Amino acid sequence: MGNTKSTESIPKKSTRRKSATTPSTRSSSSSSRPSVSSQGNRKPLLSISQRQIIKGCVDNSKDDLGERIFRRVLEKRDDFKQFIDNLSKAQRYENSNYLKQFLLGIVESLTDIDEINRISEEYGCNHVQFRLYGFKPDFFAATADAVATECTFLDQAAHLTSETATAWYLLTTHVFSAVRDG
């Protein structure tokens with residue numbers, strides 16, 4: 001009987017956990033199985049500590065985050081420099097600002113892989129118009145690397161560099177894979 005009572009209390013706790021996750025599923029219109037978490041049947045992309053690291057880095061960022069990332073890509077890719085040089089000043093600013101807003105949107109959606117994929121594909125689709133100016137899909141890989149590198153510095157040594165870099169590389173690998181799909 002003692003075991004029965006303890007067994008009875010376990011389902012009650014499970015029931016409470018399920019109801020606690022219900023608000024996070026309001027944004028998804030999936031079957032009942034994905035309602036267990038906002039990730040659906042998939043394992044979360046990042047652990048809780050990795051998400052906290054990412055959010056902390058973005059909180060430390062300044063308005064010129066997109067420009068800093070572009071400068072890092074410019075240092076590594078001459079063909080990216082040619083692409084940027086083909087843009088007007090307004091287009092350069094819009095692109096760097098759009099990259100920053102894109103990253104902020106990703107960070108706001110860290111627990112929702114479907115939303116991350118949607119935002120990423122939309123970002124990728126937006127770049128089709130720049131093919132006329134010399135844009136290549138290969139630039140996304142260089143941009144992903146630059147995002148991970150630049151954003152790792154934003155941690156300001158609050159965590160081990162390897163932990164911060166791992167979190168950013170996991171995120172950018174997934175995100176820019178979806179960007180290329182767009």
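Computed from a predicted model, the values in this text were never measured in an experiment. These numbers come from the heavy atoms of this one structure, side chains and all, not from hydrogens, waters or symmetry mates.
Here the side chain of Glu108 pairs no donor or acceptor atom with the backbone of Gly105 at under 3.5 angstrom. Proximity of a side-chain donor or acceptor of Asn60 to a complementary backbone N or O of Leu154 within less than 3.5 Å is detected. Checking side-chain atoms of Arg51 against main-chain N and O of Leu110 turns up no donor-acceptor pair under 3.5 Å. At distances below 3.5 Å, at least one donor-acceptor pair connects side-chain atoms of Thr152 with backbone N or O atoms of Ala148.
Under the rule for a salt bridge (Lys or Arg N to Asp or Glu O under 4.0 Å), the partners of Arg118 that lie at least two apart in sequence or sit in another chain are Glu115, Glu122. For Asp79, the salt bridge (Lys or Arg N to Asp or Glu O under 4.0 Å) criterion is met by Arg77, Lys136, not counting sequence neighbours. Considering only residues two or more places apart in sequence or on other chains, Arg72 meets the salt bridge (Lys or Arg N to Asp or Glu O under 4.0 Å) condition with Glu150. Taking the side-chain contact (heavy atoms from CB on, under 4.5 Å) definition, one finds that Ser88 meets it with Ala90, Gln91, sequence neighbours left out. Under the side-chain contact (heavy atoms from CB on, under 4.5 Å) criterion, Glu67 pairs with Asp64, Arg71, Ser96, sequence neighbours left out.
The CG atom of Asp85 sits 10.5 Å away from the CZ atom of Phe80 when rounded to the nearest 0.5 Å. How far CD1 of Ile69 is from OG1 of Thr149: 9.5 Å, rounded to the nearest 0.5 Å. Separating the CG atom in Asp112 from the CG atom in Leu45 is a distance of 11.5 Å, to the nearest 0.5 Å. To the nearest 0.5 Å, atom OG of residue Ser61 and atom NZ of residue Lys100 are 7.5 Å apart. Note that SG of Cys151 and CG of Asp155 are 10.5 Å apart. Values are rounded to the nearest 0.5 Å. Between Gln101 atom CD and Leu103 atom CG the span is 9.5 Å, to the nearest 0.5 Å.
In this structure, the side chains of Leu171 and Leu46 come closer than 4.5 Å at one or more pairs of heavy atoms. Contact check for Leu170 versus His174: no side-chain heavy atoms found under the 4.5 Å cut-off. Residues Leu87 and Ile84 meet the side-chain proximity criterion, which asks for heavy atoms closer than 4.5 Å. Tyr169 has its side chain out of reach of Thr166: every pair of non-hydrogen atoms, C-beta onward, lies at least 4.5 Å apart. Side-chain contact between Cys57 and Trp168: present, with at least one pair of heavy atoms (C-beta onward) separated by less than 4.5 Å.
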**Asked** Taking it one step at a time, do Val175 and Phe102 satisfy side-chain contact (heavy atoms from CB on, under 4.5 Å)?
**Response** CA-CA 10 Å; Val175 165; Phe102 165 66; 3.4 Å; yes
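A continuous path of ILVMFWY side-chain contacts below 4.5 Å connects Ile116 to Val107, so both sit in one hydrophobic cluster. Linking ILVMFWY side-chain heavy atoms closer than 4.5 Å, directly or via other members, places Phe70 and Leu104 in a single hydrophobic cluster. Placement of Phe176 and Leu74 within a single hydrophobic cluster is found when ILVMFWY residues are connected by side-chain heavy-atom separations under 4.5 Å, directly or transitively.
Between Pro137 and Arg180, the shortest heavy-atom distance links the atoms O-NH1, 3.1 Å. Closest non-hydrogen pair, Ser120 versus Ile106, comes out as OG-CD1, 3.6 Å. Considering all non-hydrogen atoms of both residues, Ala146 and Val73 come closest at CB-CG2, 3.5 Å. Across all non-hydrogen atoms, the minimal contact from Ser109 to Ile119 is OG-CD1, 3.8 Å.
Around OH of Tyr93, the count of heavy atoms belonging to other residues, nucleotides or ligands within 6.0 Å does not exceed 12.
Ring to ring, Phe135 and Phe139 are close: their centroids are under 6.0 angstrom apart.
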Report, one line per pair, each donor and acceptor closer than 3.5 Å where one atom sits in a side chain of residues 124-132; sequence neighbours left out.
unit_1	atom_1	unit_2	atom_2	d
Asn126	OD1	Gln129	NE2	3.0
His127	ND1	Tyr123	O	2.8
Gln129	NE2	Asn126	O	3.0

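Comment: Asp59 does not engage Lys55 in a salt bridge, judged by the lack of any side-chain N to carboxylate O separation of less than 4.0 angstrom.
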